[in-house]
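Bear in mind that the values here come from a model prediction, so they are computed numbers and not experimental data.
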Amino acid sequence: MTIRFVLMVNKQGQTRLAQYYEYLTIDQRRALEGEIVRKCLARNEQQCSFVEHRNYKIVYRRYASLFFLVGVDNDENELAILEFIHLLVETMDRHFGNVCELDIMFHLEKAHFMLEEMVMNGCIVETNKSNILAPIQLMDKAS
């Protein structure tokens, strides 16, 4: 699996979390995020959750007030990425208790840490929620 980036965006189009697994300059990232967010937020709920943009396939899903957008290669399995997004949300739900935009804003480092436990260099390496959350729970105990 080759994930190129993961974005969490609110309904107003403001990026709350961005993780890239390929090098893009800040200007390229800003332009890419703007284009993708406008394209995905403009779609209605009856349309499918897959969009092709440039050389990426964007798989997205809305949970409450947050949109989770994942950019992958064009030959990637969309349903597997939707399952990955669901796993990410379930993991955050388990830790934060019904994750919302404020949880991401106030605990950005924990959200990044969860994502880093799940994805390494664009490849999904961990899918067990307990294994993903164990290091975060240890950090919470230590602080």
Asker: Quick check on the 6.0 Å ring-centre criterion: do Tyr56 and Phe5 meet it?
Answerer: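 Here the rings of Phe5 and Tyr56 have centres that are less than 6.0 Å from each other.
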Asker: For Ala18 and Glu33, which heavy atoms make the closest approach, and how far apart are they?
Answerer: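 In this case the closest contact between Ala18 and Glu33 is CB-OE2, 3.8 Å.
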Asker: Could you tell me whether Asp73 and Lys57 have a side-chain N and a carboxylate O separated by less than 4.0 Å?
Answerer: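 Answer for the salt bridge query: no.
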Asker: Can you see which heavy atom on Gln19 is nearest to which on Glu116, and at what distance?
Answerer: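 Smallest interatomic distance, heavy atoms only, reads OE1-OE2, 4.1 Å.
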Asker: Nearest 0.5 Å, what's the NZ-CE distance between Lys129 and Met114?
Answerer: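 The NZ atom of Lys129 sits 12.5 Å away from the CE atom of Met114.
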Asker: For Glu78 and Val59, which heavy atoms make the closest approach, and how far apart are they?
Answerer: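 Glu78 and Val59 have their closest heavy atoms at O-CG1, 3.9 Å.
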Asker: Which value, rounded to the nearest 0.5 Å, describes the distance between Ile136 atom CD1 and Met92 atom CE?
Answerer: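 One finds 8.5 Å between CD1 of Ile136 and CE of Met92.
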Asker: Looking only at side chains, do His86 and Glu90 share a donor and an acceptor under 3.5 Å apart?
Answerer: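 A pair is found: one side chain offers a donor N or O, the other an acceptor, under 3.5 Å apart.
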Asker: If you look at every heavy atom in Ala111 and Ile104, which pair is closest and at what distance?
Answerer: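 Of all heavy-atom pairs spanning Ala111 and Ile104, the closest is CB-CD1, 4.1 Å.
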Asker: Which heavy atom of Ile36 sits nearest to which heavy atom of Leu69, and what is that distance?
Answerer: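 Closest pair (atom of Ile36, atom of Leu69, distance): CG2-CD2, 3.4 Å.
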Asker: Do you know the tightest heavy-atom contact between Arg16 and Leu66?
Answerer: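 Residues Arg16 and Leu66, closest heavy atoms: CG-CD2, 4.4 Å.
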Asker: Which distance, rounded to the nearest 0.5 Å, do you find between the CD1 of Ile85 and the CZ of Arg61?
Answerer: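 So the CD1 of Ile85 and the CZ of Arg61 are separated by 8.0 Å.
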Asker: Supply the atom-to-atom distance Cys40 SG to Glu35 CD, rounded to the nearest 0.5 angstrom.
Answerer: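 CD of Glu35 is found 11.5 Å from SG of Cys40.
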Asker: Determine, for Arg62 against Glu45, whether the closest basic-nitrogen to carboxylate-oxygen distance falls under 4.0 angstrom.
Answerer: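 Yes.
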